[in-house]
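In what follows, a structure is listed as structure tokens, so that the remarks can point back to it.
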Amino acid sequence: MNNLLQELNSEQMKAVKQIEGPLLILAGAGSGKTRVLTNRTAYMIGECGIDPYNILAITFTNKAASEMRSRIDDMVGYGSESIWVSTFHSMCVRILRRYADHIGFSNSFTIYDTDDSKTVMKDVCKRLNIDTKQLSERYFLGCISSAKDELVSVEDMEKKAVYDSSFELVDRVYREYQNTLKKSNAFDFDDLIVKTVELFRSDPEVLENYQDRFRYIMVDEYQDTNTAQFELIRLLALKYKNICVVGDDDQSIYKFRGANIRNILDFEKHYKNATVIKLEENYRSTQNILDAANAVIRNNIGRKDKSLWTKKGRGERIHYRQLESAYDEADFITENIRKKKRDGELEYSDTAVLYRTNAQSRLIEERFIMAGIPYNVVGGVNFYSRREIKDILCYLKTIDNARDDLAVKRIINVPKRGIGATTISKVDMFAIANGLSFYEALKRADMYLPGKTYVKIREFVDMIEGFREEKDSLTVEDMLNNILDETEYIENMEASDEFDAKARVENIEELINKAVAFEEGNTFPEGTEIMDGSGDITEGMRESRLSAFLEEVALVADIDSVSDEDNRVLLMTLHSAKGLEFSDVYITGLEEGLFPGYMSISSDDDSDMEEERRLCYVGITRAEKNLVMTSARSRMVRGEVQYHAPSRFISEIPNELFDQKPRMPRIRREDIPSAGSMGPDRSVFHSKPYMLPESSQKNRTAVKSKPRATGMITRGADLVNTFEKPDYVPGDRVKHIKFGDGTVLALEKGKRDYEVSVDFDTYGVKKMFANFAKLIKL
DNA sequence: CGTACTAGTCTTTTT
DNA sequence: GACTAGTACG
């Protein structure tokens, strides 16, 4: 215990020992805030005699929670398992599972993800006869989500509509949307927070129960809290005022989802007698990197003044290169990483490539595959939002909560049972007319549907009822297998000979693996359980394993599944990178219009640009030793070529921090380190930037040439017959981005493109268009 | 009722 | 360019 304290600087020490009353820790990037939080927890228990049972620590992601959980476990030992370490969302789920009936819901509610919300909204708009061409579902969902972030209820919205009629329609939609959710016994993501606040406000007894339990509260990433979360914390801390928040206003990057930076800036106003401690010593980065970060963030006004410093030396200078195109940018990064790995300077896992938008990952991935660099992409399409996964999960949801209309409707004809749209709308009408749920209406199908259809529905209902009888005696794994057996889901999918049926089957297998892992308690990569079920808080809840599984699945974030065990380069958005650190960091696409994004440039609200700048600050401060920033003159955005000037953030960094003066008109190939290190067959990389595609395409690989042809110079006339013969012939070994290695069987000229048949080692024979397949000759 | 093709949208970022 | 929803047709 004591020697742990000795590793802290004086400010950190102060923060650790300040236990009673409100405390704001302004923790700059890399200033050791997790160390402070864990030490503080240990200090509370070991030195102050505080019962671990009375401590609550809240984070935003499961990953952050499980990291904190395991570090606290290591340090505290006995009793640490009764500390609540949790995300906002899972904390609220836990509370609602116990008390949702106090606010008119059933405790077995389901959680709707964004897709589900969209489906509901579509329904709502239809019912209210709203022309979604004029005002999209997205628009309404956005309005409702921000209303919830701000704790604006349907009733509040109605009051606003009295003064401003533009709220009228939104209010009607909002009301209908909430009613639909309630009928389905479902909460959307925002509701989890809002409804918990509602519960606390309406039921003082419940609130006090939790206030007494959580006498000591810590909140991480406080700058990202929205008004609803602020209120939730305020209520919980109201009685004892032992509230410690940690954050950095400079790292507030979630305004778009309602984060209110004023929560941290005004902490001292909200909590009288608050102690404020600034942590400015950085233990992560070199001084050059910190100077760059400080120089950028200095351009924001209205921030808490602070400046990062380190005892480390200046370190390496920052690299900035402007490349001709996004392809060159990807090449440049690939070569840099390859060279470093080859020279033994670092492992792949020491490196991260960051970008503003998810779409930017694709080019880099292609180059990484060609170069054989192992990588992982964080984000993009969520595993749980894949069609086959959602299908199967909806079976589980239906079994778990028959009131979840959405889930029932999704699976009633999957796999095909001959129950079509007409039948579904009849059932719907019957349900509405009689105030029943969709599933209940199905059960009474004999009353209003013709015999033939009724039989089909009867079979479906019987199957679900059968599953439901077993639900408490079976593991989630067995239940999944039963569902797959009975519905012949996999057989049906394979029969449909869909392009990627095999990959989908594998996804289902992966889901079963996750279910098994869940049963074993190894829910997250580190093998830690986020929320232990100890203490009286969960008692009496009697949540089934099925519910628990569905709940966990609903609340996972992309970043949660990132493990540092694999030696891979990580590709992710700047947003996802927050909280992580890497020896080498590449920030790509530093272009006006991309980063900062077009929206923030054209916005008349200055704070939009400030948010982009904070995002840049977050990116820079991820780097420990080596920071490489790149931009491209031209890049394909949404199918068209765009030309961008280098980002203003580059010019905000003083020249002397760079290894080369930026803003040079163009970078020549020869200037790029290690371009010459490539093997002879890689001559493709040496193409001159200005060579016309027509003359240089001949020896390119498919991957390279296709995007070039459309990307670089596209004039009307060139569009005719632009497709070229691939550089591989039958018998050649090739690589595909998704299917891996395979052997070319046949190549034939179609009318729009060459068609190629490939026998993939793991996926079997596939026929595809050559230009689309982007096969790489091995 | 199911399938195949077309048109439109998307791209800022996510629990 | 990629995916999705909607429509027309069998």
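Values below: every heavy atom of this structure, side chains too, minus hydrogens, waters and symmetry copies. Residue numbering restarts at 1 for every chain, and letters A, B, ... go by the order of the sequence lines. Treat the numbers as computed from the prediction; the structure is a model and nothing was measured.
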Taking the P atom of each, how far is B:dT13 from C:dT4, in whole Å?
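About 15 Å, rounded to a whole number of Å.
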Nearest-Å distance for atom pair [atom1]/[atom2], residues [X] and [N]:
X: A:Asp608; N: B:dT12; atom1: CG; atom2: P; answer: 12 Å
X: A:Glu137; N: B:dT9; atom1: CD; atom2: P; answer: 11 Å
X: A:Leu590; N: B:dT12; atom1: CG; atom2: C1'; answer: 15 Å
X: A:Glu591; N: B:dT12; atom1: CD; atom2: P; answer: 15 Å
X: A:Tyr254; N: B:dT13; atom1: OH; atom2: P; answer: 11 Å
X: A:Arg614; N: B:dT13; atom1: CZ; atom2: C1'; answer: 13 Å
X: A:Leu615; N: B:dT12; atom1: CG; atom2: C1'; answer: 9 Å
X: A:Lys126; N: C:dG6; atom1: NZ; atom2: C1'; answer: 10 Å

What nucleotide among [options] has an atom nearest to a side-chain atom of [X]?
X: A:Ser576; options: B:dT15, C:dA2, B:dT14; value: B:dT14
X: A:Lys416; options: B:dG2, B:dT12, C:dA2; value: B:dG2
X: A:Arg356; options: B:dT12, B:dT14, B:dT15; value: B:dT12
X: A:Thr573; options: B:dT15, B:dT12, B:dT14; value: B:dT14

Report yes if the side chains of A:Val353 and A:Thr588 come closer than 4.5 Å at any heavy-atom pair, otherwise no.
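A side-chain contact under 4.5 Å exists here.
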Nearest heavy-atom neighbours spanning A:Gly589 and A:Leu594
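Taking A:Gly589 first and A:Leu594 second, the nearest heavy atoms are O-CD2, 3.6 Å.
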Kindly give the heavy-atom pair with the smallest separation between A:Leu235 and A:Val197, and that separation in Å.
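Shortest heavy-atom separation between A:Leu235 and A:Val197 comes out as CD1-CG1, 4.1 Å.
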For a quick check of understanding: with a heavy-atom distance under 4.0 Å over all strands, which category does [X] fall into, base, sugar-phosphate or nothing?
X: A:Thr423; answer: sugar-phosphate
X: A:Gly418; answer: sugar-phosphate
X: A:Phe60; answer: sugar-phosphate
X: A:Lys122; answer: sugar-phosphate
X: A:Glu611; answer: nothing
X: A:Lys255; answer: nothing

When you check the phosphate oxygens OP1 and OP2 of [N], does a side-chain N or O of [X] lie under 4.0 Å from one of them?
X: A:Ser600; N: B:dT12; value: no
X: A:Thr61; N: B:dT14; value: no
X: A:Asn413; N: B:dG2; value: yes
X: A:Arg138; N: B:dC10; value: yes
X: A:Asn358; N: B:dC10; value: no

Assess whether a salt bridge exists between A:Asp250 and A:Arg303, defined as any Lys/Arg side-chain N lying under 4.0 Å from an Asp/Glu carboxylate O.
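Result for this pair is yes, salt bridge flagged.
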For A:Arg257, is there an ion pair with A:Asp224 - N to carboxylate O distance below 4.0 angstrom?
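Salt bridge between A:Asp224 and A:Arg257, a charged N being under 4.0 Å from a carboxylate O: no.
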Between B:dT13 and A:Phe256, is there a base-stacking contact, meaning the centre of the base's six-membered ring lies under 5.5 Å from the residue's ring centre while the planes stay under 30° apart?
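Stacking is present between B:dT13 and A:Phe256, given that their ring centres fall under 5.5 Å apart and the planes under 30°.
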Between A:Ile419 and A:Met599, who's closer to the 5' end of DNA chain B by nearest nucleotide?
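The residue closer to the strand's 5' end, by nearest nucleotide, is A:Ile419.
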When you match A:Thr357 and A:Gly420 each to their closest nucleotide on DNA chain B, which lands nearer the 5' end?
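Closer to the 5' end of DNA chain B: A:Gly420.
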Show, in sequence, the C-alpha distance, side-chain angles and deciding distance for A:Asp188 and A:Lys148, and conclude whether the side chain to side chain contact (heavy atoms under 4.5 Å, CB included) test is met.
CA-CA 10 Å; A:Asp188 67 16; A:Lys148 288 179 179 175; 2.8 Å; yes
Between A:Phe595 and A:Phe649, is the ring-ring contact (aromatic ring centres under 6.0 Å, His included) condition met? List the steps.
CA-CA 9 Å; A:Phe595 186 32; A:Phe649 303 141; 5.4 Å; yes
